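Bear in mind that the values here come from a model prediction, so they are computed numbers and not experimental data.
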Amino acid sequence: MDGKSSNIFKYLLPFLCSVLASHLLMIYVITDYQYPGMATHLSIDGSNITVKRSEHLTLIGYGENTASELYKTLGWMHARDRYVQMCLMRLASQGRLTEVFPYAETNYKFDLMAKQFDFHGRNKAYYSQYEDGGIAKDILQSYTAGINNYLENHNRPFEFVLVNYHPEPFTPTDVTTFISFVSYVGLDEICFAVEKVIIEFLISEKVSHDFLKQVFHPHLNNLTMEYVELYRSIKDLKSNDGLKSPVVPAITNSNNWVISGALSSSGLPIMSSDPHLDVSKYPNTFYESSYKTRQGNSIFGISVPGIPIILMGRSKELSFTLTYGMMDMGDYFLERIKDGMYERDGKYFPLKLRKYTVVGKDVLFYETEEGHVIERNVENYDKIISDGVYLAVRIPDRNDEVTIRQALLPFAKTVEEAQKLIPQSNLGANFLLADSTGNIGYQQAGSVPLRPTSDGLLPLPAWNSANLWTGYLSDEDYMTKLNPPEQFIATANNLNQDPNKPCVNTYPALPTRVNRIKDILRSSTNHSVEDMMKYQGDTFSTLADITLPLLEPFLPTSGIGNELRHWDRRFQVDSRPSALWFKFWNQYTADINSVIFGREMYDKLEPIVFNKYTFYKFAIIGIETGYVDGVDVVPVLKKSLETTISGYQGEVYGDLRKYFSNNMFFTGQLPKIFGFDIGPYPTNSGFEIIKVGSVDKYLEDPCVFTQTWRFITDMSTQTFYSILPGGPSGNYFSNIYKREVDNYINEVYKIWEL
């Protein structure tokens with residue numbers, strides 16, 4: 001071949017390869033083109049099931065009126081539309097992300113966390129205890145049969161081809177591991193983060209004990225200097241590291257409310273729900289689907305791919321929704337270690353050792369017989385434990401048989417029947433219920449331990465066995481309501497505590513949102529579905545409303561300061577005063593907490609989202625009482641306002657608050673022009689309003705907390721309404737990958753019929 005021909009071939013080969021690749025890509029896209037009515041007929045372990053695309057291009061299953069067939073169908077649907085998401089979550093929950101992505105430091109730390117709690121090992125042991133023929137085992141086996149039926153008949157997605165990853169079939173233990181994992185990440189870990197920051201406050205001597213007791217009343221009433229000295233002696237004490245799951249979102253805020261027929265225009269209950277998760281990962285955490293039975297039942301709801309539970313939704317007879325309950329379901333303990341042994345009542349017992357290899361590094365975890373896992377700094381995980389006092393963490397050690405009972409909610413016909421399925425759960429939650437006969441109800445759920453000597457917020461010495469857990473609360477210990485006199489029930493991660501029952505909440509969300517919801521619901525006896533849509537989008541700031549009168553003497557009579565004076569307290573993307581308020585609140589929070597703790601400590605702790613909400617709480621106490629730990633807030637407010645106004649550069653709120661979602665596999669690393677990621681788009685969500693939302697960072701990792709699903713239904717009809725921020729499919733090459741993004745941004749609800 002001459003040089004000229006060789007040169008032509010040099011340029012022709014890449015061209016031919018690109019043409020071939022584009023044609024293969026086109027074929028791939030065409031084969032995943034979805035349209036309404038598109039049907040697939042399945043045979044899964046003896047069940048004949050049909051799956052079709054709805055008018056909204058979500059999936060509808062058709063089968064028998066049994067939990068087994070419902071969850072076989074759901075497993076197949078999850079694998080069909082969200083397989084990559086499911087596999088990534090499985091890897092994360094088992095501490096195996098570095099097997100596929102070994103070069104990311106965050107993945108290494110996250111694998112250590114999953115190994116520390118041994119989610120997978122524990123669940124292997126738990127599953128062997130499941131009752132043969134029991135409903136939980138049947139649901140798990142049915143669900144994994146559905147997943148694996150899809151996998152047996154389809155190729156690996158292209159993402160896994162890129163990294164040469166060959167996922168193994170799903171097992172029931174994979175599923176229960178993931179349930180345990182998501183019950184902790186971003187949920188139970190909030191309480192641990194609060195306990196940790198309280199320790200840091202105590203040993204810093206920057207804040208008075210009386211103030212901390214005021215903030216966390218009554219949960220620090222047993223605090224003594226003896227405990228403080230023990231906290232100062234803790235070895236390997238590490239700050240909250242702000243570690244964010246690469247694939248699993250936190251459920252930081254949620255709202256739900258239900259009104260009885262006495263307050264509705266239809267004469268029967270109306271249910272409304274809008275959970276708020278981190279939406280910075282795409283596709284959405286939630287997955288909408290429907291199931292129609294040959295016996296006439298019809299079920300709609302959302303689920304999390306990887307979990308065989310319809311978390312929220314409705315049937316013809318029942319509607320059910322939940323918010324995170326802020327339940328204190330885990331504790332830090334103090335452990336005294338000597339020669340590889342831990343102390344109990346003056347005697348020493350050998351620690352259990354678990355050893356793993358992660359990215360070629362040996363890591364060692366130590367735990368007690370009760371399951372207290374010793375916490376150490378990452379750099380010391382490869383070392384044999386030395387003598388000293390350590391923090392040790394304990395999470396609920398119950399299998400998920402109790403949690404999976406909630407998978408039967410779509411088959412319950414009344415509120416009272418549903419309430420009996422809910423109380424025992426590894427997911428702490430506030431459930432609201434409504435049935436077609438007009439009943440409304442509330443049921444608290446959790447796995448809160450029995451603590452003989454504390455409420456759980458103060459780490460106690462485990463060497464005194466009187467401080468150890470003695471079991472878990474019974475069904476009767478959790479709050480329940482049926483048809484309350486007020487004719488409505490609302491929750492927003494707020495305090496739900498029966499004073500006559502054991503403590504379940506030690507760090508509830510501020511009451512701002514729930515109070516706003518209650519005020520709205522009390523304002524009328526003729527609420528409609530259309531009203532509920534407006535309420536879900538409400539951006540009125542009660543916090544601004546109580547703060548602005550304090551700022552009135554310091555506001556300029558012209559310019560942006562005067563605009564803030566006349567602001568209607570509602571966040572809007574094109575609003576200048578909304579932007580100024582947002583900047584002021586962050587400035588004031590930094591200033592008042594820096595006065596208390598010093599700027600150095602504030603800057604160290606503030607980047608952690610869980611810590612940030614504690615600092616907000618301190619700032620709000622100042623607004624409500626005029627003082628924070630003896631500091632007069634008025635001069636701080638004046639200074640913060642002056643700083644904010646002088647630094648204001650004409651921004652509108654939408655310039656400061658932008659919603660985005662990055663493809664969870666590529667994590668925002670690809671150029672935006674490729675279209676894997678969503679946004680950024682301006683949002684009018686805000687802090688402590690009904691349409692709550694925040695654009696934050698876990699250290700350097702961005703996260704966006706906002707409404708992740710909206711749902712409304714009137715029990716007088718078979719109609720319901722929803723919005724989901726994203727398409728049904730996680731497949732980038734599908735025509736339904738981004739289907740609902742515009743509807744979400746513009747708050748356009750889908751209309752469904754059962």
- Item | Donor-acceptor contact present, side-chain Arg376 to main-chain Leu364, <3.5 Å | yes
- Query: Can we say Lys196 and Glu189 salt-bridge, meaning some charged N sits less than 4.0 Å from an Asp/Glu carboxylate O?
  - Reply: no
- Query: Do Lys115 and Asp118 meet the salt-bridge criterion of a basic N to acidic O distance under 4.0 Å?
  - Reply: no
- Query: Do Asn123 and Ser180 meet the criterion of a side-chain donor-acceptor pair at a distance under 3.5 Å?
  - Reply: yes
- Less than 6.0 Å separating the ring centroids of Tyr507 and Tyr324? no
- Message: Can you confirm whether more than 12 heavy atoms, excluding those of Glu600, are under 6.0 Å from its CD atom?
- Response: no
- Task: For the pair Lys206 (side chain) and Leu202 (backbone), establish whether a donor and an acceptor sit closer than 3.5 Å, ignoring hydrogens and angles.
- Result: no
- Query: Is the side chain of Tyr342 donor-acceptor paired with the backbone N or O of Pro350 at a distance under 3.5 Å, no angle test?
  - Reply: no
- Task: Look at the side chain of Asp188 and the backbone N and O of Met329, then say whether any donor-acceptor pair between them is shorter than 3.5 Å.
- Result: no
- Message: With a sphere of 6.0 Å drawn around OH of Tyr627, does it hold more than 12 non-hydrogen atoms of other residues, nucleotides or ligands?
- Response: no
- Report yes or no: is the cationic atom of Arg354 (NZ for Lys, CZ for Arg) closer than 6.0 Å to the six-membered ring centre of Tyr366, at no more than 45° off its axis? no
- Main-chain N/O of Met341 paired to Asp339 side chain as donor or acceptor, under 3.5 Å: no
- Item | side-chain contact (heavy atoms from CB on, under 4.5 Å) against Asn496, all qualifying residues, sequence neighbours excluded | Asn430, Tyr442, Gln444, Met479, Thr491, Asn494, Asn505
- Are Phe687 and Tyr616 an aromatic pair by the rule of ring centers under 6.0 Å? yes
- Message: Let me confirm one number: the CZ-CE distance from Phe178 to Met89, rounded to the nearest 0.5 Å.
- Response: 4.5 Å
- When the ring planes of Phe201 and Phe615 are compared, do they come out parallel, tilted or perpendicular, using 30° and 60° as the limits? tilted
- Query: Taking 4.0 angstrom as the limit, do Glu624 and Lys617 come out as a salt bridge?
  - Reply: no
- For Arg96, the salt bridge (charged side-chain N to carboxylate O under 4.0 Å, His left out) test, sequence neighbours excluded, returns Glu99, Glu168
- Query: Would a distance-only check, ignoring hydrogens and angles, find a side-chain to backbone donor-acceptor pair under 3.5 Å from Asn107 to Thr98?
  - Reply: no
- Which atoms form the tightest heavy-atom contact between Gln406 and Leu421, and what is the distance? CG-O, 4.0 Å
- For Lys352, side-chain contact (heavy atoms from CB on, under 4.5 Å) partners two or more places apart: Glu367, Glu369
- Task: Quick one: list whatever passes salt bridge (charged side-chain N to carboxylate O under 4.0 Å, His left out) with Asp475, sequence neighbours left out.
- Result: none
- Message: Closer than 3.5 angstrom, by distance alone: can the side chain of Asn464 be matched with the main-chain N or O of Ala466 as a donor-acceptor pair?
- Response: yes
- Is Asn256 reaching over with its side chain to a backbone N or O of Ala490, donor-acceptor style, under 3.5 angstrom? no
- Residue list, salt bridge (charged side-chain N to carboxylate O under 4.0 Å, His left out) with Asp331, at least two apart or on another chain: Arg451
- Task: Determine yes or no for a side-chain-to-main-chain donor-acceptor pair under 3.5 angstrom, with Asp477 supplying the side chain and Pro502 the backbone.
- Result: no
- Can you name the nearest heavy-atom pair linking Val628 to Phe618, along with the distance? CG2-O, 3.5 Å
- Query: If only atom types and distance count, is the side chain of Tyr478 paired as donor or acceptor with the main-chain N or O of Gly446 below 3.5 Å?
  - Reply: yes
- Task: Evaluate the criterion side-chain contact (heavy atoms from CB on, under 4.5 Å) for residue pair Tyr231 and Val389; output intermediate values, then yes/no.
- Result: CA-CA 9 Å; Tyr231 300 152; Val389 173; over 6 Å; no
- Message: Suppose we screen for side-chain contact (heavy atoms from CB on, under 4.5 Å). Which residues come up paired with Ala462, at least two apart in sequence or across chains?
- Response: Phe333, Glu335, Arg344, His372, Leu468
